[in-house]
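Worksheet: the structure to be examined is printed underneath.
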Amino acid sequence: AISSRTNVELVFKFCEELSYTPCVFHAYQLVNNKRELIYHTNVMMSIGLDFAVVCLDSIDDIQERNVLIHSLETTGKTIIELTEKQIHRFAGNVLELQSNNGDRLLAMSTSAFDVLTDPQKAAFSSKLTMVHSPLTTIERLGGGSARCMMAELFM
């Protein structure tokens, strides 16, 4: 997602060097009754092994939205759509993990877990185990949630 934290030129250079296909878009959220750019992609989207949780309604430009949908679907991701209310409760700030014995886990805050619908939870639980913890202080004062508290290591 394009924001004040994004250098589009570096995104394209990074993708070129790693043979990735970039997919850039503008995502917005309502802040004090005004549409403002979302400052970080993980507010509105998280990509797992075979799914993507994403607030498609945050992408106002239909063409950009359709490009993202196409990109996710062509890479085999099932899209689990989030609402803006859900991303305000950190449902986009989740991270898929793998346990030592190879089990797939989805880490999130209790706030994010509680705002997911039963069909969304069912879509996740068919693939992995959801784990959550109350992160009220981090979410209220730190502005982030579960994913912000973890670093990803790819081996």
Side-chain angles (χ1 to χ4, degrees), residues 1-6 11 14 20 23-61 64-155:
I2 303 299
S3 75
S4 61
R5 294 181 174 195
T6 310
V11 169
F14 175 86
Y20 289 166
C23 182
V24 296
F25 54 89
H26 298 83
Y28 299 88
Q29 64 183 339
L30 202 57
V31 178
N32 297 322
N33 294 319
K34 183 181 173 197
R35 291 292 269 173
E36 292 188 10
L37 284 172
I38 291 176
Y39 67 94
H40 200 290
T41 309
N42 71 13
V43 169
M44 53 76 63
M45 180 169 67
S46 181
I47 299 175
L49 182 65
D50 53 8
F51 67 89
V53 293
V54 59
C55 181
L56 294 174
D57 286 341
S58 69
I59 306 169
D60 294 347
D61 184 295
E64 287 184 353
R65 184 186 307 173
N66 288 336
V67 168
L68 176 62
I69 291 168
H70 178 74
S71 177
L72 293 171
E73 289 177 344
T74 60
T75 56
K77 307 297 185 214
T78 299
I79 296 173
I80 300 171
E81 195 167 346
L82 299 174
T83 65
E84 192 163 328
K85 176 184 175 186
Q86 289 175 310
I87 67 170
H88 282 289
R89 297 273 308 276
F90 300 97
N93 199 264
V94 301
L95 183 62
E96 182 174 350
L97 306 170
Q98 184 178 25
S99 71
N100 286 337
N101 61 0
D103 293 336
R104 293 173 63 192
L105 307 170
L106 187 63
M108 66 185 71
S109 69
T110 300
S111 175
F113 179 81
D114 288 345
V115 78
L116 293 174
T117 65
D118 289 338
Q120 288 169 325
K121 289 176 182 177
F124 285 127
S125 62
S126 69
K127 301 172 183 294
L128 41 71
T129 301
M130 293 179 287
V131 293
H132 60 91
S133 181
L135 302 174
T136 311
T137 302
I138 300 289
E139 291 175 341
R140 191 177 69 244
L141 300 176
S145 190
R147 184 181 181 130
C148 300
M149 298 170 56
M150 295 179 271
E152 297 167 273
L153 301 174
F154 301 94
M155 296 188 219

Under 3.5 Å: donor-acceptor pair, side chain of R65, backbone of I59
yes
Side-chain heavy-atom pair M130, M108 within 4.5 angstrom cut-off:
yes
Might you point out which heavy atoms bring V67 and C23 nearest each other, and give the distance in Å?
CG1-SG, 4.0 Å
Name all residues meeting the side chain to side chain donor-acceptor pair (under 3.5 Å) criterion together with D50; count only those two or more places apart in sequence or in a different chain, and write none if there are none.
R104
Below 4.5 Å, heavy atoms only, C-beta onward: do D103 and L128 meet side chain to side chain?
no
Contacts of R140 that satisfy side chain to side chain donor-acceptor pair (under 3.5 Å) - sequence neighbours left out
none
Listed partners of R147 passing salt bridge (charged side-chain N to carboxylate O under 4.0 Å, His left out), at least two apart:
E152
Could you tell me which residues satisfy side chain to side chain contact (heavy atoms under 4.5 Å, CB included) with S145, sequence neighbours excluded, listed by chain and number?
F90, N93, S109, L135, E139
Test of understanding: with side chain to side chain donor-acceptor pair (under 3.5 Å), list the residues that count as partners of T117, not counting sequence neighbours.
Q120
Side chain to side chain donor-acceptor pair (under 3.5 Å) partners of D60, counting only residues at least two apart:
R35
Taking the side chain as every heavy atom from C-beta outward, state whether Q86 and V53 have any pair of such atoms under 4.5 Å apart.
no
Once side chain to side chain contact (heavy atoms under 4.5 Å, CB included) is applied, do any residues pair with T137, and if so which ones, sequence neighbours excluded?
L141
Applied to residues 66-80, the salt bridge (Lys or Arg N to Asp or Glu O under 4.0 Å) test, sequence neighbours excluded, yields none
Could you list all the salt bridge (Lys or Arg N to Asp or Glu O under 4.0 Å) pairs where at least one residue sits in residues 108-126, not counting sequence neighbours?
none
With sequence neighbours left out, the residues meeting side chain to side chain contact (heavy atoms under 4.5 Å, CB included) with V24 are I2, V11, F12
So which pairs with a foot in residues 107-142 pass ring-ring contact (aromatic ring centres under 6.0 Å, His included), sequence neighbours left out?
F51-F124, F113-H132
Considering residues at least two apart in sequence or located in another chain, which fulfil the side chain to side chain contact (heavy atoms under 4.5 Å, CB included) criterion with N32?
none
